[in-house]
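Notes follow the structure.
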Amino acid sequence: MKEYTFREVIAQAMSEEMRKDESIFLVGEEVAEYNGAYKASKGMLDEFGPKRIIDAPIAELGFTGIAVGAAMNGNRPIVEFMTFNFSMVAIDQIINNAAKIYQMSGGQWNCPAVFRGPTASAGQLGATHSQAFESWYANCPGLKVVVPSNPYDAKGLLKTAIQDNDPVIFMESEQMYGDKMEIPEEEYYIPIGKADIKKEGKDVTLVSFGKIMKLALQAAEDLEKEGISVEVIDLRTVRPLDYDTVLESVKKTNRLVILEEAWPFASVASEITYMVQQKAFDYLDAPIKRITTPDAPAPYSAPLFEAWFPKLEKVKEEIKNAMYIKA
């Protein structure tokens, strides 16, 4: 085991797969000469050269379309968006082409492409650079959506995503690139569509994913000192979503709280809530609670942003509310 940062394991995952398969290439803004906007492709240009590590112009629609066409012709492109906010420029290529070409061609063409980059907020970056698009892309059949919360999961999931024959949306966070974790020296893969129970508990189930998992784990640790046992589930993948792991946990704890850094309407939390009440209603001892951002764009103002972002105290309060404990 050796300690690596999140950005380092992203580069490792891509490099390890590129050494095995010459059809894999990376394209995006500043991925080559600059070693990536967040240094997540550091050293890859030196190893693989400019034909496989490709600096693209500021034209997401263009280089995403090129990647989709390349994938349909036997390549395995990795597209880096400097932020998924910029993927909105290319969403037509992802939703109308990458996600649908296998079905529309009657199975003649696959689109084995990975679209990766940061999602959600990263501090004071303004409303147009602070949006969480997990539920947007997860709403589209034909796409897989992966949102890791730590370096270990990120590496194993990205390697699996690169080998997948379907288009995969792989969402990171600017605020996680410096996170460090011990990573095995030997090669490993993590299956897409399998949630991970980060902490076992018996009183209430807390479900989350992505960088806000840190808040979930901190809340569980704090409440443990108060005698409240919280089971924490990291979805890791929001499409396909591991309903079974969530349902089995709810059947054990009889309570559910969902924490998500996204707007509340049509969120991942909304989908989980529906499935739990549909398949485990008789096990619930309290209404399901969800914690999201307010239904408003992210503010730029530091005090307003602090009020907008989900808080640790709010998470603990809602867990206690689910247990009918006065917070």
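On a predicted model such as this, the values are computed, not experimentally measured, just so you know.
The main-chain N or O of M14 is never found under 3.5 Å from a side-chain atom of E17 such that the two would form a donor-acceptor pair. Without hydrogens or angle criteria, K159 side chain to Y188 main chain gives no donor-acceptor distance under 3.5 Å. Counting only distance, with no hydrogens or angles, the side chain of T160 and the backbone of I192 share no donor-acceptor pair below 3.5 Å. The main-chain N or O of G117 is never found under 3.5 Å from a side-chain atom of E80 such that the two would form a donor-acceptor pair. A side-chain donor-acceptor contact under 3.5 Å links K100 to the backbone of I95. Side-chain N or O atoms of K211 include one that pairs as donor or acceptor with a backbone N or O of S121 at under 3.5 Å. Remark: the backbone N or O of P77 is not paired with any side-chain donor or acceptor of N75 at under 3.5 angstrom. Proximity of a side-chain donor or acceptor of R255 to a complementary backbone N or O of D285 within less than 3.5 Å is not detected. Listed for the Y324 side chain is no donor-acceptor partner under 3.5 Å among the backbone atoms of A286. Side chain of D179 to main chain of F6: no donor-acceptor pair is present (N/O by atom type, distance under 3.5 Å, no hydrogens or angles).
N97 places none of its side-chain heavy atoms less than 4.5 Å from the side chain of M72. The shortest side-chain heavy-atom distance between V276 and L284 falls under the 4.5 Å cut-off. For the pair Y4 and Q12, the minimum side-chain heavy-atom distance is below 4.5 Å. A 4.5 Å side-chain heavy-atom check between Y152 and V9 finds every atom pair outside the cut-off. Within the 4.5 Å cutoff, the side chain of E224 has heavy atoms near those of the K199 side chain. The side-chain heavy atoms of K252 and Y283, taken from C-beta on, include no pair separated by under 4.5 Å. Taking 4.5 Å as the limit, some side-chain heavy atom of Y177 sits within range of a side-chain heavy atom of P118. Proximity of M176 to Y38: side-chain heavy atoms (C-beta onward) are nowhere separated by under 4.5 Å.
Open room surrounds CD on E22; 12 or fewer heavy atoms of other groups in view lie less than 6.0 Å from it. Within 6.0 Å of atom CD in Q277, more than 12 heavy atoms from other residues, nucleotides or ligands are found, so the atom counts as buried in its surroundings. By the neighbour-count criterion of 12 heavy atoms within 6.0 Å, atom CD of E187 is densely surrounded, having more than that number from other residues, nucleotides or ligands. Within 6.0 Å of NZ on K279 lie no more than 12 heavy atoms contributed by other residues, nucleotides or ligands. Surrounding CE of M104 are at most 12 heavy atoms belonging to other residues, nucleotides or ligands under 6.0 Å away. Around CH2 of W109, the count of heavy atoms belonging to other residues, nucleotides or ligands within 6.0 Å does not exceed 12. At most 12 heavy atoms of other shown residues, nucleotides or ligands fall within 6.0 angstrom of atom CD in E306.
Taking all atoms of both residues into account, the shortest heavy-atom contact from P294 to W308 is CD-O, 2.8 Å. Of all non-hydrogen atoms in I58 and E29, the two that sit nearest each other are CA-OE2, 3.3 Å. Pairing each heavy atom of A113 with each of A71, the nearest pair is CB-CB, 4.3 Å.
A salt bridge between R116 and E172 is present, with a side-chain N of the basic residue lying under 4.0 Å from a carboxylate O of the acidic one. A salt bridge links K198 to D196: at least one charged side-chain nitrogen sits closer than 4.0 Å to a carboxylate oxygen. Salt bridge E271/R239: absent, no basic N to carboxylate O contact under 4.0 Å. Under the 4.0 Å criterion applied to side-chain N and carboxylate O atoms, E260 and R290 are not assigned as salt-bridge partners. Remark: K20 does not engage E16 in a salt bridge, criterion side-chain N to carboxylate O under 4.0 Å. One finds no salt bridge joining E317 and K311 here, because no Lys/Arg side-chain nitrogen approaches an Asp/Glu carboxylate oxygen to under 4.0 Å. Contact check on K320 versus E226 returns a salt bridge, with a Lys/Arg side-chain nitrogen under 4.0 Å from an Asp/Glu carboxylate oxygen.
In this structure, I212 CD1 and T292 OG1 are separated by 9.0 Å, a value rounded to the nearest 0.5 Å. For the atom pair CD1 (I78) and CE (M18), the distance works out to 6.5 Å, reported to the nearest 0.5 Å. Atoms CD and CD1, from E60 and I94 in turn, are 10.0 Å apart once rounded to the nearest 0.5 Å. Here the CG-CZ distance, from D153 to R236, works out to 4.5 Å after rounding to the nearest 0.5 Å. Atom CD1 of I272 and atom OH of Y243 lie 8.0 Å apart (nearest 0.5 Å). Atom CG of residue D21 and atom CD of residue Q163 lie 8.5 Å apart, to the nearest 0.5 angstrom.
A donor and an acceptor atom, one from each side chain of S249 and E231, are located under 3.5 Å apart. For the residue pair S270 and S267, a side-chain donor N or O sits within less than 3.5 Å of a side-chain acceptor on the partner.
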Query - ring-ring contact (aromatic ring centres under 6.0 Å, His included) evaluation trace for F84 with F133 - result: CA-CA 7 Å; F84 261 95; F133 292 110; 7.4 Å; no
Report task. Could you please spell out the steps behind the side-chain contact (heavy atoms from CB on, under 4.5 Å) verdict for V257 and V230? Result -> CA-CA 10 Å; V257 177; V230 182; over 6 Å; no
**Report entry** From CA spacing to verdict: side-chain contact (heavy atoms from CB on, under 4.5 Å), M82, V31
**Finding:** CA-CA 9 Å; M82 197 175 292; V31 298; over 6 Å; no
Query - Steps toward side-chain contact (heavy atoms from CB on, under 4.5 Å) verdict (K144, F170) - result: CA-CA 8 Å; K144 295 176 180 177; F170 193 91; over 6 Å; no
Requested in this report: I would like to know whether I233 and D242 meet side-chain contact (heavy atoms from CB on, under 4.5 Å); could you show each step before the answer?
Outcome: CA-CA 10 Å; I233 296 176; D242 185 359; over 6 Å; no
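For K42 and Y34, the positive end is not near the middle of the six-membered ring at less than 6.0 Å and at most 45° from its axis.
Each of L158 and V79 belongs to its own hydrophobic cluster when Ile, Leu, Val, Met, Phe, Trp and Tyr are linked at side-chain heavy-atom distances under 4.5 angstrom.
Using a 30° and 60° split on the angle between ring planes, F86 and H129 fall in the perpendicular class, above 60°.
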